[in-house]
Protein chains: 2
Amino acid sequence: MSSNTADKIREAAHDLIAARGYFGFSYADVAEVVGIRKASIHHHFPSKVDLVVAALVQYRADMVAAAKGLDSKVVDPLQRLKLYVQHWEECIRNSNRPICIAALLSAELPALPDPIKAEVQLHFRYLAGWVKSTLRDGAKYGSIHLEHSAEVEAQSFVAVVHGAMLSARALGTPDVFTSISKAALDRLRPSN
Amino acid sequence: MSSNTADKIREAAHDLIAARGYFGFSYADVAEVVGIRKASIHHHFPSKVDLVVAALVQYRADMVAAAKGLDSKVVDPLQRLKLYVQHWEECIRNSNRPICIAALLSAELPALPDPIKAEVQLHFRYLAGWVKSTLRDGAKYGSIHLEHSAEVEAQSFVAVVHGAMLSARALGTPDVFTSISKAALDRLRPSN
DNA sequence: GCATCTATTCCTACTAGTAGGTAGTCTAAG
DNA sequence: CTTAGACTACCTACTAGTAGGAATAGATGC
């Protein structure tokens with residue numbers, strides 16, 4: 001029923017946020033990508049805040065779905081984290097949304113409108129929560145060894161993945177993401 | 001001899017970049033903070049790119065000086081890294097430039113003018129290089145145990161610190177930076 | 001079958017405000 | 001009497017957002 005123009009606009013916005021951040025793109029940029037006029041975007045998303053919030057809501061929904069998918073289809077929790085990392089590695093190598101938009105927006109956070117701030121926070125909370133429970137599952141399952149509390153290990157894992165995205169972007173080398181994230185996964189193995 | 005207005009402008013720019021990123025601040029913002037008119041800034045820094053590059057050059061000079069200071073005054077390499085992390089912890093707790101501007105700008109990198117890109121890259125290279133040689137020194141000194149290569153461990157350390165800055169900003173809790181960085185340092189100890 | 005009503009979607013044309021940057025002037029100090 | 005540093009006044013380009021009209025398509029009444 002719903003036209004997919006709104007979807008196209010939201011996806012274009014996601015791409016542009018991933019490339020340039022909140023202040024780095026305009027309605028004109030979105031209009032050019034989608035192939036419609038600037039004013040038409042306002043019909044679907046009255047304000048820029050609405051558009052970015054919509055992109056973040058969709059982004060989180062996708063993440064939740066992917067996490068649930070991993071939880072139900074992959075037995076080994078360590079393998080789930082490996083697949084999570086692998087997903088980002090592919091995005092970075094293909095230059096396809098090669099960074100988490102919530103992580104990117106968190107950098108600009110103090111300047112962002114409150115509704116966007118709230119969505120970014122929700123993403124961080126959900127992601128850290130999923131990693132934490134996955135780490136706990138892995139400890140029980142026997143494939144993961146936790147040096148510190150699950151909470152601290154989860155926050156560290158999220159941080160190192162986000163930091164690795166920044167380094168890969170800064171240095172222009174996807175390899176640096178690969179080696180950092182491999183090391184982060186390796187460190188969770190009980191054989192150490 | 002040189003007026004300190006230029007310094008004030010550069011410092012105001014640094015603060016604003018740390019708060020909002022490259023596209024998130026304007027000459028008008030800088031003018032208001034410094035207490036001069038917009039046009040006067042152009043006298044000292046002809047373009048916004050010049051201003052931001054100057055801020056990054058100064059930022060890196062300060063980092064190099066601080067690193068050399070640590071190298072000469074602190075015997076234990078692990079302690080040097082601890083002090084590096086502590087510096088950022090204080091910045092975050094006092095909300096005083098609570099994020100590395102190079103890390104922040106790396107998020108917006110694809111949209112940044114080339115001269116700024118280059119400065120951001122230089123920062124990442126120098127920082128990773130310093131951490132790497134500090135890790136090697138620590139391994140020789142005996143206070144640091146390296147699980148992987150010094151290169152990978154250094155990149156991981158840089159990434160986790162940057163990621164922790166993002167998490168602290170996103171969640172609004174300095175504590176999360178503290179616990180992540182403590183865990184990162186702890187992991188380097190040979191007692192494990 | 002055909003006209004009409006309604007809602008959706010996109011358009012052109014516009015607004016007020018802000019962006020970075022420029023031209024030219026005034027002032028004070030060496 | 002030149003120069004540095006600040007100013008007023010302005011420019012063009014772009015920002016998010018608005019007003020109102022044209023085209024489309026689906027449902028309804030006769």
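Reminder, nothing fancy here: chain letters follow the sequence lines and each chain counts from 1. What you are looking at is a predicted structure, and each value in this text was computed from that prediction instead of being measured. What you see below is based on every heavy atom in this structure, not just the backbone, and it leaves out hydrogens, waters and symmetry mates.
- Within the 4.0 Å cut-off from OP1 or OP2 of D/dA6, not a single side-chain nitrogen or oxygen of B/H43 is found.
- Looking only at atom types and distance, the side chain of B/S156 has no donor-acceptor partner in the side chain of A/R187 under 3.5 Å away.
- Under the 4.5 angstrom side-chain criterion for Ile, Leu, Val, Met, Phe, Trp and Tyr, B/L122 has no cluster partners at all.
- Side-chain N/O atoms of A/E151 and A/Q155 include a donor and acceptor closer than 3.5 Å.
- Taking 4.0 angstrom as the limit, B/T5 places a side-chain polar atom (N or O) nearer than this to OP1 or OP2 of D/dA6.
- With B/F157 as the aromatic partner, B/K132 does not meet the cation-pi criteria of under 6.0 angstrom to the ring centre and within 45 degrees of the ring axis.
- Considering only side-chain N and O atoms, B/H44 lies under 4.0 angstrom from the phosphate OP1 or OP2 of D/dA6.
- Rounding to whole angstrom units, CD1 of residue B/I41 and P of C/dA19 are separated by 11 Å.
- Around atom NZ of A/K117, more than 12 heavy atoms belonging to other residues, nucleotides or ligands sit under 6.0 Å away.
- What separates CG of A/L51 from P of D/dT15 is a distance of 14 Å, to the nearest Å.
- Every residue two or more places apart in sequence or in another chain that forms a side-chain contact (heavy atoms from CB on, under 4.5 Å) with A/Q121 is listed here: A/R125.
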For nucleotides 7-10 of chain D, tabulate all protein N/O to nucleotide N/O atom pairs closer than 3.5 Å, reporting atom names and distance.
residue : atom : partner : partner atom : Å
D/dC7   : OP2  : B/R37   : N            : 2.7
D/dC7   : OP2  : B/S40   : OG           : 2.6

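- Residues from residues 20-27 of chain A that place a heavy atom under 4.0 Å from any atom of DNA chain D, listed by number: A/F25, A/S26, A/Y27.
- The list of salt bridge (Lys or Arg N to Asp or Glu O under 4.0 Å) pairs with a residue in residues 28-43 of chain A, not counting sequence neighbours, reads A/R20-A/D29.
- Atom P of nucleotide C/dT22 and atom NE2 of B/H42 are separated by 7 Å, given to the nearest angstrom.
- B/F124 meets the ring-ring contact (aromatic ring centres under 6.0 Å, His included) test with B/H162; sequence neighbours excluded.
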